[in-house]
Amino acid sequence: MDNEITIAIVGGTGNLGSALALRLARPGVKVMIGSRDAEKARTAVESLKKVLGAVKIEGKVNREAVREAEFAVIAVPYEGHATIVEDLRGQVAGKIVIDAVVPLRKGRPFVPPAGSALLEAERILEGEAPVVGALHNISAVDLQAPDAPLGDVLVCGDDESAKQKVMEIIHRIGARTFDAGPSANAYIVEGLTGVLIYLNRKYKSKHASVKITGIGE
Ligand SMILES: NC(=O)c1ccc[n+]([C@@H]2O[C@H](COP(=O)([O-])OP(=O)(O)OC[C@H]3O[C@@H](n4cnc5c(N)ncnc54)[C@H](OP(=O)(O)O)[C@@H]3O)[C@@H](O)[C@H]2O)c1
């Protein structure tokens with residue numbers, strides 16, 4: 001994959017989105033920070049540039065951010081997920097959607113009517129673009145610290161080629177990836193984050209994450 005890819009982050013002003021932007025922009029990926037509010041997106045970009053210096057990063061409203069990108073990461077709370085994905089319809093043909101959303105209610109995971117956030121996005125987009133689930137179990141706290149080791153990323157989806165491209169991108173932020181199977185597996189990977197949130201509370205941590213052992217050793 002060439003270095004000139006552009007990745008839009010829908011909800012890029014938030015915890016996960018801005019931390020992911022830091023990790024992507026550092027090695028030279030062009031990042032579009034998306035927000036429901038253009039001014040908020042530009043403010044987030046200014047803050048990121050203070051940390052990163054002269055990097056390729058811009059801020060726009062979500063739809064415009066996605067228009068200019070090959071990949072669109074969805075990084076909004078679950079309550080905004082369906083509306084945001086509906087808003088992207090007609091805008092993502094030829095692109096790959098990366099869904100990082102975890103269905104949570106008061107910090108607890110639940111399985112939404114579609115079966116998972118990923119299946120919900122697929123249903124809304126009706127094949128306009130492949131949807132790949134990834135980054136659910138990664139910690140924004142770790143992403144934010146440039147040298148912090150990251151947890152492993154379980155990647156699922158039904159489009160094998162899109163899944164491969166997403167795994168290549170995730171390698172750029174310094175994480176190992178594992179093909180975690182088809183879209184039907186997404187509810188497990190999404191739900192695992194609910195367990196990580198519990199572990200953080202129980203063990204007074206902020207960045208519990210997942211490590212796979214027994215493969216490639
Ligand atoms: N934080 C983590 O460590 C982490 C790790 C893995 C996965 N995730 C998942 O990633 C997603 C984002 O998490 P986060 O912690 O970054 O969330 P967040 O900071 O609360 O929100 C992210 C951004 O989403 C937008 N947003 C908020 N409510 C919205 C709504 N109702 N509709 C549309 N957009 C809305 C806001 O951007 P604007 O106001 O600028 O539009 C906000 O800055 C969640 O689904 C979470 O479960 C988080």
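Both ligands and their constituent atoms are indexed starting at 1 by order of listing.
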Protein contact to [atom] [nearest heavy atom, distance to 0.1 Å]:
atom: atom 11 (C) of ligand 1; result: V76 O, 3.3 Å
atom: atom 37 (O) of ligand 1; result: T13 OG1, 3.0 Å
atom: atom 39 (O) of ligand 1; result: K40 NZ, 2.6 Å
atom: atom 9 (C) of ligand 1; result: A100 O, 3.4 Å
atom: atom 3 (O) of ligand 1; result: A140 N, 3.0 Å

Rounded distance (nearest 0.5 Å) linking atom [atom1] of [X] with atom [atom2] of [Y]:
X: L20; Y: I9; atom1: CG; atom2: CD1; answer: 4.0 Å
X: L135; Y: I74; atom1: CG; atom2: CD1; answer: 12.0 Å
X: D99; Y: I84; atom1: CG; atom2: CD1; answer: 11.5 Å

Query raised in the report: Does the pair H171 and T177 meet the rule for a side-chain contact (heavy atoms from CB on, under 4.5 Å), with working shown?
Result: CA-CA 7 Å; H171 294 157; T177 59; 2.8 Å; yes
Query raised in the report: What do the steps show when you test R89 against E126 for salt bridge (charged side-chain N to carboxylate O under 4.0 Å, His left out), and what is the final call?
Result: CA-CA 9 Å; R89 276 176 67 158; E126 295 178 320; 3.3 Å; yes
N or O pair under 3.5 Å between [X] and ligand 1:
X: R36; value: yes
X: N15; value: yes
X: V102; value: yes
X: H136; value: no
X: D37; value: no

Requested in this report: Give the contacting part of S35 toward ligand 1: side chain, backbone, both or neither, where contact means a heavy-atom distance below 4.0 Å.
Outcome: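 Both backbone and side chain of S35 come within 4.0 Å of ligand 1.
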Query raised in the report: With a 4.0 Å heavy-atom cut-off (strictly under), which part of I138 contacts ligand 1: side chain, backbone, both or neither?
Result: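 Backbone only.
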Using a 4.0 Å cutoff against the non-hydrogen atoms of [X], which atoms of ligand 1 qualify?
X: G11; answer: 22 (C), 23 (C), 24 (O)
X: V101; answer: 45 (O)
X: G80; answer: 30 (C), 31 (N), 32 (N)
X: I84; answer: 33 (C)
X: A75; answer: 11 (C), 12 (C), 22 (C), 23 (C), 24 (O)

Is it the case that more than 12 heavy atoms not belonging to [X] sit under 6.0 Å from its [atom1] atom?
X: R176; atom1: CZ; answer: yes
X: Y198; atom1: OH; answer: no
X: K211; atom1: NZ; answer: yes

Query - Proximal candidate to atom 20 (O) of ligand 1 [heavy atom criterion; set A117, S209, P77, G14] - result: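 Going through A117, S209, P77, G14 one by one, P77 has the nearest heavy atom to atom 20 (O) of ligand 1.
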Requested in this report: Using heavy-atom distances, let me know which of L16, I197, I9, N137 sits nearest atom 13 (O) of ligand 1.
Outcome: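 Selected option, by shortest heavy-atom distance: L16.
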Query raised in the report: Ignoring hydrogens and geometry, is there a side-chain-to-backbone donor-acceptor pair from E68 to M32 under 3.5 Å?
Result: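 Not a single qualifying donor-acceptor pair exists.
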Query - R123 bridged to E120 by N-O distance under 4.0 Å - result: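 No, this pair does not count.
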Query raised in the report: Would you call R42 and E58 a salt bridge, taking side-chain N to carboxylate O under 4.0 Å as the test?
Result: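 Looking at E58 together with R42, the answer is no, because their closest N to O distance does not fall below 4.0 Å.
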Query - L135 to ligand 1, any heavy atom closer than 4.0 Å - result: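 It does; at least one heavy atom falls under 4.0 Å.
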Report task. Report whether V102 and V132 are members of the same hydrophobic cluster (ILVMFWY, side-chain heavy atoms less than 4.5 Å apart, transitive linking). Result ->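 Unlinked, V102 and V132 end up in two clusters.
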